[in-house]
Amino acid sequence: MCGVTGWVSFHRDARSHAPVIEAMTATLAPRGPDAGGVWLGGHAAVGHRRLAVIDPAGGAQPMTDRPDEPAVVLTYSGEVYNHHALRAELRNLGHTFRTRSDTEVVLRAYRQWGEDVAEHLDGMFAFAVWDERAQRLLLVRDRLGVKPLFWAAVDGGLAFASEPKALFAHPEIHPRVDADGLREAYSLLFNTGPTVWSGVREVEPGGVLVLDRGGIRERRYWRLEARPHHDDRGTTVDRVRELVATAAHSQLEADVPVCSLLSGGIDSTVLTALLAGELRRREGPDARIRSYAVDYSDQAEQFTGDVLRTGHDTPFAAEAGAYIGTDHSTVVLDPRSLLDPEHRRAVVVARDSPIGVGDMDTSLHLLFGRIRQHSTVALSGEAADEVFGGYPWFHDPKALAASAFPWLLVTGDEAAMPLNPELDLRIGEFRDDTYADALAAVPHADGETATEHRQREMQHVSLTRWLRQLLHRKDRLSMAQGLEVRVPYCDHRLVEYAFNTTWGLRSFDGREKSLLHAAGAGLAPESVLYRPKNHYPATHHPDYNRGLQEMARDALSVPQVRSLADESVIRPSLDTPPERLEWGHRLRLERVVDLALWLDHHRPELAL
């Protein structure tokens, strides 16, 4: 995993602007702590920071197709899991290789297939190819958008980067936020394309952007499609298990230590069991994969259930680790450490955004830091809920009947920081329009009933929008610690197959994620296999709530924060006794604190 950046301008000679690409590349050092490099051509500057995972000695970047007078330059982030098969195919087509890296496979694949290269790649990736012969820049992002890729216009071309902070190191791009950006940030609709930053966009998941002298053009090489599903229940369960296992096994490859994130839920337990079995097959019966869970020092005494959590994770994670036979550790955090301003600031800097989930972001960042002391790659169960229908809104008649993004009914408006009504952002209207656009993008299957199509809509918006912010969170907070996190449930073949199973199959036993329960039989203890959905743990200690209230009061003393936030709506959360502060109201306070940190660090121009 790595950080990529660069810029192309047909109006200037990039070779006379080396400090610009060097500054852009330097901002991404946490993503690539092992090495860095830049390449300069007549109209292109390309930068790279490397986290060495496969072929540490041979995968240096930016990578060129030949040492002298390169025709193609690649800066690449991610992992292509079918690189061995592609290498063999490309060799048969006459290509030769200098390294064992998947990076060179992507480079040679571009030489073979040009702009169609992405269709041949399986994995998570974001990369840029500068073609000197064609004077063409190609930006490519993986199908589900696991790896980020941002861009912004510059004179005569564009700049690109894994994170917006690298773009802001370019002298023509400034951190500016307008009303559209605030709507994107605080409406909690998770669009792809626009960002909180004015003029900064994302390459779409499953998207390609091409820049040449004729201008910019974008296209999608992948999107979810509706296809008939003819497999019976038994065949479907077998196929799901095969697809999950194939994804897990292919993503175990690395030349550095690998571990698993094991929360004690079905998603991570099934994944960890498959990884552990494959590791024993490859390395012998005594091989054990490391697994990690997170907890808080007060959790056993202080835990109280809320809308997102029904139980304490740690005992289930320990039971799952013992059942599978992992080398299991629980990272225990002091709730008060989550109030440390430097930890909070590090998270906001990593995200480049004022929107997060407060203590859960901070604890995840700290967890990744502890894991990085022993492992460079971690595998996560992220996306199983979106793929298999695990969220409450798949089963709640109220959510199914509502004309709104379903998570808004679960989290409520308390999850979004209330903005100053004087800004007149018309977020309600924006939500309605965006929801209509989201439903218009959902494919129809021949013969499906209205009920079946409604479930397809729920799954589509979950996979294309809700999942977006979870993947951003995991990428930014892990890469800020130099840790690569892989997500096997985002394998596009698994996603395509599950998306087209009928809702009757996905809920055949009356529970959420019926197919995963059945496919995971024998891989997890029964107590874990049928445990209700539990979200990432949060601290419940009153001292944390008390400290958060104090931080939010301090934040509201900042004039810019007061100009953006509706203090009258936030005030009740400040005045509630700490031991009675509910999750949604606490999240408002978290967002006020993060807003103040974001304004202080990024110093955005507010064009409202």
Side-chain angles (χ1 to χ4, degrees), residues 164 168 174-191 193-200 339 341 344-345 347-349 351-362 404-405 407-435 465 469 472 545 547-576 581-608:
F168 299 142
H174 306 286
R176 183 176 183 272
V177 177
D178 56 21
D180 287 339
L182 283 184
R183 276 190 285 268
E184 290 291 344
Y186 288 109
S187 60
L188 305 184
L189 307 186
F190 314 119
N191 280 311
T195 70
V196 63
W197 302 106
S198 178
V200 175
L339 297 167
R344 306 284 301 222
R345 182 178 295 273
V347 167
V348 171
V349 171
R351 286 199 319 251
D352 285 328
S353 168
I355 283 292
V357 281
D359 64 311
M360 290 183 283
D361 280 357
T362 307
F405 287 104
W407 49 88
L408 298 177
L409 279 73
V410 175
T411 61
D413 281 339
E414 294 90 349
M417 190 192 73
L419 295 172
N420 190 331
E422 294 181 6
L423 296 172
D424 192 26
L425 295 177
R426 295 182 292 179
I427 283 184
E429 179 182 333
F430 180 68
R431 283 177 173 173
D432 291 345
D433 291 345
T434 305
Y435 185 63
R465 290 176 178 271
Q469 50 94 20
H472 263 304
N545 291 347
L548 178 64
Q549 288 173 318
E550 290 304 314
M551 293 177 76
R553 287 190 185 94
D554 290 343
L556 285 169
S557 70
V558 178
Q560 267 196 319
V561 175
R562 287 202 308 272
S563 71
L564 295 175
D566 187 347
E567 187 173 353
S568 66
V569 178
I570 297 166
R571 178 59 55 185
S573 300
L574 291 171
D575 296 337
T576 300
L581 195 63
E582 295 181 358
W583 173 81
H585 294 282
R586 190 172 87 170
L587 189 52
R588 278 186 174 167
L589 301 181
E590 303 274 15
R591 295 223 159 115
V592 171
V593 172
D594 286 353
L595 175 63
L597 290 168
W598 176 72
L599 289 168
D600 181 64
H601 177 79
H602 288 88
R603 309 227 175 243
E605 174 194 348
L606 298 178
L608 306 175

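What you see is a predicted model, and the numbers here were worked out from it, not measured in a lab.
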(message) Does this structure show an ion pair linking Glu590 with Arg344, if we count only N-O contacts that are shorter than 4.0 Å?
(response) yes

(request) Could you grab the distance from atom OG of Ser187 to atom CD of Glu429, nearest 0.5 Å is fine? (result) 12.5 Å

(message) Between Asn420 and Ser563 (side chain of the first, backbone of the second, donor and acceptor by atom type, cut-off under 3.5 Å), is there such a pair?
(response) yes

(request) Taking all non-hydrogen atoms of both residues into account, name the closest pair between Leu182 and Leu425 and its distance. (result) CB-CD1, 4.0 Å

(message) To check you understand the geometry: which heavy-atom pair defines the closest contact between Asp594 and Pro354, and what is its length?
(response) CB-O, 3.7 Å

(request) Report yes if some heavy atom in the side chain of Arg345 is under 4.5 Å from a heavy atom in the side chain of Asp600; otherwise report no. (result) yes

(message) Strictly distance-based, threshold 3.5 Å: is any side-chain N or O of Arg553 a donor or acceptor partner for the main-chain N or O of Leu574?
(response) yes

(request) Kindly give the heavy-atom pair with the smallest separation between Ala565 and Ile570, and that separation in Å. (result) CB-CD1, 3.8 Å

(request) To the nearest 0.5 angstrom, please state how far the NE2 atom of His602 sits from the CH2 atom of Trp197. (result) 5.0 Å

(message) What's the separation between atom CG in Leu608 and atom CG in Leu564, rounded to the nearest 0.5 Å?
(response) 6.5 Å

(message) Minimum heavy-atom separation for Ala552 and Val593, please, with both atom names.
(response) N-CG2, 3.6 Å

(request) Would you name the heavy atoms of Gly356 and Asp361 that are closest together and state the gap between them? (result) CA-OD2, 3.3 Å

(request) Check whether any side-chain heavy atom of Leu189 lies under 4.5 Å from a side-chain heavy atom of Leu408, and answer yes or no. (result) yes

(message) What's the separation between atom CD in Gln560 and atom CH2 in Trp598, rounded to the nearest 0.5 Å?
(response) 8.5 Å

(request) May I ask you to test the Leu188-Phe405 pair for a side-chain heavy-atom distance under 4.5 Å? (result) no

(message) Does atom CZ (Arg562) have a neighbourhood of more than 12 heavy atoms from anything else shown, all under 6.0 Å?
(response) yes

(request) Report yes or no: does Thr434 contribute a side-chain atom to a donor-acceptor pair with the main-chain N or O of Arg431 at less than 3.5 Å? (result) no

(request) Check whether any side-chain heavy atom of Arg588 sits under 4.5 Å from a side-chain heavy atom of Val569, and report yes or no. (result) yes

(message) How long is the straight-line distance from CD of Glu184 back to CD1 of Ile355, given to the nearest 0.5 Å?
(response) 11.5 Å

(request) Just do the side-chain contact (heavy atoms from CB on, under 4.5 Å) check on Leu548 and Asp359 with the steps written out, would you? (result) CA-CA 9 Å; Leu548 178 64; Asp359 64 311; over 6 Å; no

(request) Quick one: closest heavy-atom pair of Arg465 and Phe190, and the distance? (result) O-CB, 3.2 Å

(message) I need the Asn191 CG to Arg183 CZ distance, nearest 0.5 Å.
(response) 11.5 Å

(request) Would you confirm whether Ser198, through its side chain, and Asp178, through its main-chain N or O, come within 3.5 Å as a donor-acceptor pair? (result) no

(message) Checking the side chain of Gln549 only, and the main-chain atoms of Ser573 only, is there a donor and an acceptor separated by less than 3.5 Å?
(response) yes

